[in-house]
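One-based numbering, in listed order, for ligands and for the atoms of each. Heads up: numbering here begins at 1 and tracks the sequence.
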Amino acid sequence: MRRASLLLFLAACGSSDAPPLRTPDLQVLTDTNPDPDIVEVALVAAPTTLELLDGKPAEVWAFRDGAAADATASIPGPMLEAKLGDRVIVHFRNELPEGTTIHWHGLRVPNAADGTPASQMPVAPGSTYDYEMEIVDTGLFWYHPHVNGEVQVERGLYAPVLVHGGVEPAVAADRVFVLDDVKLSASGALSTQTNALDLMLGRQGNVVLVNGKQAPELVAVAGSRERWRFVNAANGRYFRLELPGHTFRVIGWDGGLVNAPYETERVLIAPGERYDVLVDLGGDPGDALALRTVHYDRGHDIPDPGPIELLAITLGEAGEPPGALPTTWGDVAPIATEASTPRRMFLLQEDDTDPTSPVFTINGEAFPDITPLTGAPGDIEIWEIHNMSEMDHPFHLHGMSFQLLDEPGGWKDTVNVPRMSPLAVAVELGGPGRWMYHCHILEHAERGMMGELEVADAP
Ligand code: C2O
Ligand code: CU
């Protein structure tokens with residue numbers, strides 16, 4: 001281990017393409033395995049006390065590194081970092097007072113490692129479970145429990161997964177931003193009050209967090225190009241990002257780089273989704289920039305709180321201007337669909353006859369009372385998702401990625417389906433096992449908007 005880090009250090013000093021800056025607020029899980037192609041980590045979920053607002057301790061549930069003796073729990077939890085082709089082994093221990101699992105959102109893992117009640121028994125308090133997977137995707141993913149999700153994730157159990165590999169554009173900094181919001185009482189404690197709007201729209205907090213902090217600050221090199229990767233870990237809040245005076249070049253989505261990057265002024269990120277962007281930070285040393293989220297109308301007259309600042313960026317000394325961009329990006333081959341490709345329909349509906357206990361259904365069924373879908377590995381299907389409700393729903397599928405029929409040049413595992421609209425995706429069924437699909441507004445998933453796809457064993 002020592003030698004490896006010394007070599008890395010020397011390599012960093014000696015070469016002009018030194019590893020870019022890391023986001024300071026994130027911890028990284030300790031890899032205890034000396035094999036460079038195996039990442040072996042220990043992870044603990046436990047109740048703890050953390051300050052989400054300075055000087056105001058809150059009782060939370062959080063992950064901590066189980067392999068570092070002096071590790072403290074954090075929100076987000078420690079990042080799992082690996083590279084394409086690695087074998088990852090996670091020794092997980094549950095110190096929570098209730099059962100839990102860990103789901104590796106977006107990673108195509110074997111079913112036994114998918115971390116849902118469809119693929120494993122919840123890990124009982126005081127028990128352990130080993131997750132083992134081969135990393136076959138690059139980009140930003142995340143991990144979170146898949147039991148009582150609206151409570152466990154809300155209390156702080158979520159963390160990023162960063163997989164290196166493939167085309168890596170030269171940047172001055174490669175930063176991961178985990179977005180969330182929390183509903184805090186005046187004391188700084190997590191509020192346990194849930195109102196009808198929370199149930200209907202997914203709980204929205206009154207404090208927005210970036211890597212666990214309210215509007216953190218960072219200093220960037222004036223005129224440099226940075227890579228920012230975002231994951232929306234909130235229960236219900238949508239983030240619509242803008243950096244006034246600047247544009248984003250979207251280079252990747254959920255499951256890796258897109259084939260054709262595009263420029264945009266705003267990036268909408270629904271719960272569960274990830275976006276990977278380049279920003280050229282033009283301006284003079286001393287300039288202050290603000291990354292903020294602006295209102296997105298996702299239905300049911302959701303109130304507009306006005307722009308919320310997410311990140312305060314100060315430009316430092318000017319550096320080298322950014323170099324040329326790569327000429328190739330993702331290499332996603334379109335899933336071959338044709339007129340005869342089988343289609344499945346998914347009707348997303350809400351029933352708010354009793355606003356204190358709304359029910360959300362897919363094809364008229366509310367989880368767990370559902371009929372699992374069945375298929376075989378390699379089957380190609382078109383999934384037509386019809387949102388028949390008065391609000392948007394981010395649709396997420398486990399175990400395999402899909403492509404938007406309209407924009408096939410990228411992998412998605414979570415996609416926003418706007419209210420009263422249809423959206424079609426192409427899916428090639430993945431490995432055998434029971435895979436869940438659901439709305440990633442966790443209050444909706446926990447109130448019925450969830451189903452299962454059973455992929456048969458390969459013949
Ligand atoms: Cu991010 Cu089924 O979950
Ligand atoms: Cu929903």
Quiz item: Quick one: which of His393, His396, His438 gives a ring-ring contact (aromatic ring centres under 6.0 Å, His included) with His444?
Solution: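 Exactly one candidate clears the test, His393.
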Quiz prompt | For Trp104, the option from Tyr131, Phe141, Phe92 that meets ring-ring contact (aromatic ring centres under 6.0 Å, His included) | solution =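 Running ring-ring contact (aromatic ring centres under 6.0 Å, His included) over Tyr131, Phe141, Phe92 with Trp104 returns exactly one hit, Tyr131.
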Quiz item: Between atom 2 (Cu) of ligand 1 and His440, is there an N, O or S atom separated by less than 2.8 Å?
Solution: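 Not a single backbone or side-chain N, O or S atom of His440 is under 2.8 Å from atom 2 (Cu) of ligand 1.
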At a threshold of 2.8 Å, where the distance has to be below it, does atom 1 (Cu) of ligand 1 have an N, O or S atom of [X] nearby?
X	result
His103	no
His144	yes
His396	no

Exercise. Would you indicate whether the side-chain heavy atoms of Leu52 and Gln214 approach each other to under 4.5 Å?
Key: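 Counting from C-beta outward, Gln214 and Leu52 never come under 4.5 Å.
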Practice problem: Run the numbers on Tyr275 and Phe248 for ring pair (Phe, Tyr, Trp, His ring centres under 6.0 Å), then give the verdict. | Solution: CA-CA 10 Å; Tyr275 274 86; Phe248 302 108; 9.9 Å; no
Exercise. Kindly give the atom name of the N, O or S atom of His105 closest to atom 1 (Cu) of ligand 1.
Key: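 Answer by atom name: ND1.
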Quiz item: With Tyr296, which of Ile269, Asn416, Asp304, Ile302 fulfils side-chain contact (heavy atoms from CB on, under 4.5 Å)?
Solution: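 For Tyr296, the side-chain contact (heavy atoms from CB on, under 4.5 Å) check succeeds only for Asn416.
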Self-check item: The single option from Leu201, Thr194, Asn235 passing side-chain contact (heavy atoms from CB on, under 4.5 Å) against Glu443
Solution: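 Testing Glu443 for a side-chain contact (heavy atoms from CB on, under 4.5 Å) against Leu201, Thr194, Asn235 leaves exactly one candidate, Asn235.
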Quiz item: Name of the His393 N, O or S atom nearest the Cu ion (ligand 2)?
Solution: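 So the atom name we want here is ND1.
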Practice problem: Looking only at N, O or S atoms, find the one in His444 nearest to the Cu ion (ligand 2) and name it. | Solution: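 Of all N, O or S atoms belonging to His444, ND1 is the one nearest the Cu ion (ligand 2).
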Practice problem: Report yes or no: does His440 have an N/O/S atom closer than 2.8 Å to the Cu ion (ligand 2)? | Solution: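 Here the distance criterion (N, O or S atom, under 2.8 Å) is not met by His440, so no.
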Exercise. Please say which of Gln152, Gln120, His398 ends up in a side-chain hydrogen bond (donor to acceptor under 3.5 Å, both in side chains) with His146.
Key: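 It is His398; the other options fail the test.
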Practice problem: Restricting to N/O/S, name the atom of His438 that gets closest to atom 2 (Cu) of ligand 1. | Solution: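 Looking only at N, O and S atoms of His438, the one nearest atom 2 (Cu) of ligand 1 is named NE2.
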